[in-house]
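Since the structure comes first, as structure tokens, the remarks are kept for the end.
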2 protein chains.
Amino acid sequence: MADADQRLEQMVRGLREIGHRITPQRLAVLKILAESKDHPSVGMIYDQIKKEFPTTSLATVYKTITVLKELEEVLELGFADVGSRYDGNRPFPHPHVICTKCGAIVDPQFSNMEKMAAEMAKKSGFNITHHRLDFFGLCPKCQKG
Amino acid sequence: MADADQRLEQMVRGLREIGHRITPQRLAVLKILAESKDHPSVGMIYDQIKKEFPTTSLATVYKTITVLKELEEVLELGFADVGSRYDGNRPFPHPHVICTKCGAIVDPQFSNMEKMAAEMAKKSGFNITHHRLDFFGLCPKCQKG
DNA sequence: ATATGTGCAAATGGTTTGCAGTGAG
DNA sequence: CTCACTGCAAACCATTTGCACATAT
């Protein structure tokens with residue numbers, strides 16, 4: 001998990017740079033986000049943290065994520081039906097594949113979106129800064145079930 | 001607006017087929033969705049409708065949209081920050097370009113996503129059924145402002 | 001020492017629901 | 001005539017906020 005450690009350091013550094021303190025609760029949130037590859041919801045993070053710090057409040061988790069979003073150290077994936085999921089491991093735009101049955105979210109390798117973004121910018125006159133690409137379907141497991 | 005008329009007919013037909021009634025309020029929602037190219041929110045639709053039917057309730061708008069979603073006669077675009085927007089004119093997956101300042105949403109022409117979807121299916125083992133592709137940036141107007 | 005962070009509880013805001021009355025088919 | 005639809009208000013639920021206390025720096 002060397003890359004998760006690096007992500008964690010990066011997050012801590014970012015918070016310190018803008019004058020934020022590193023509390024144990026906050027560190028626990030950062031750890032979960034830096035390590036997880038399954039794009040957890042706030043609730044999932046909260047449940048996880050309560051094992052370590054039973055008194056931690058949901059509000060603290062939300063507040064921490066808000067700061068990380070501002071720092072662009074976490075990527076928010078909002079869904080109309082199922083709320084928001086977070087990716088602290090790869091906090092930059094990249095494609096996702098979402099199972100419409102069990103809700104699993106995975107990162108496929110690949111994709112040169114930059115080329116397509118440039119094309120869109122040209123055609124629309126927009127100054128494109130970021131993007132989002134999601135594919136929906138049934139994961140291998142749910143195809144059998 | 002010939003294609004909007006066609007969309008409207010298609011929607012009405014769809015509703016009738018599953019035994020739903022066509023009330024004036026409902027028809028007003030359908031019209032707005034079939035005609036608009038600006039991806040309105042529920043609130044925008046509601047405001048629009050009140051001009052014609054001042055007593056119409058928000059709940060009715062929501063309920064109608066829920067049915068249209070089931071029929072796949074309207075495409076829902078959920079955003080984490082700004083809620084959901086709806087496209088009844090082209091209710092199938094297609095790319096969108098969203099202005100991060102004024103919230104405008106436009107449909108660029110183009111895109112062969114099918115190829116990319118097939119690639120994703122192969123790599124992930126998922127059975128891909130649909131997708132979503134959004135580009136974010138500043139629209140020409142907001143680049144000046 | 002001194003603000004920032006925490007935890008709790010209350011507030012918010014978009015969306016959904018329950019239900020009695022209304023109206024499309 | 002009937003049963004689905006409407007409108008209203010209440011319920012929901014994820015997220016946000018206010019505030020007194022705790023604590024990282």
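By convention in this document, chain letters (A, B, ...) are assigned in the order of the sequence lines, proteins followed by strands, and residues within each chain are numbered from 1.
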Have a look at the helix from dA1(C)-dT25(D) to dG25(C)-dC1(D) and give the angle its two end axes make, five pairs each, rounded to 10 degrees. 40°
Would you kindly say whether D107(A) and H94(A) are connected by a side-chain donor-acceptor distance under 3.5 Å? yes
What I want to find out is whether D5(A) reaches K31(A) closely enough, with some N-O distance under 4.0 Å, to be called a salt bridge. no
What are the residues of residues 11-42 of chain B, sorted by number, that bring a heavy atom to within less than 4.0 Å of DNA chain D? H20(B), R21(B), T23(B), Q25(B), R26(B)
Heavy-atom side-chain contact between F79(B) and I98(B) under 4.5 Å: yes
Rounded to the Å, how far apart are D81(A) CG and dA14(D) P? 13 Å
Residue pair F53(B) / P24(B), side-chain heavy-atom distance below 4.5 Å: yes
Whole Å only: how far is the CZ atom of F79(B) from the P atom of dG14(C)? 16 Å
Is any side-chain heavy atom of V97(B) less than 4.5 Å from a side-chain heavy atom of I105(B)? no
Salt-bridge criterion met for R90(B) and D3(B) (N-O under 4.0 Å): no
Are E76(B) and D81(A) close enough that some pair of their side-chain heavy atoms sits under 4.5 Å apart? no
Heavy atoms within less than 4.0 Å of DNA chain D: which residues of residues 52-77 of chain B have one? Give them sorted by number. T55(B), T56(B), S57(B), A59(B), T60(B), K63(B)
Return yes if a side-chain donor-acceptor contact under 3.5 Å exists between N89(B) and H39(B), otherwise no. no
Cation over ring face, R132(B) and F92(B), 6.0 Å, 45°: no
Under a 3.5 Å threshold, yes or no: a donor from one side chain and an acceptor from the other, between R7(A) and Q10(A)? no
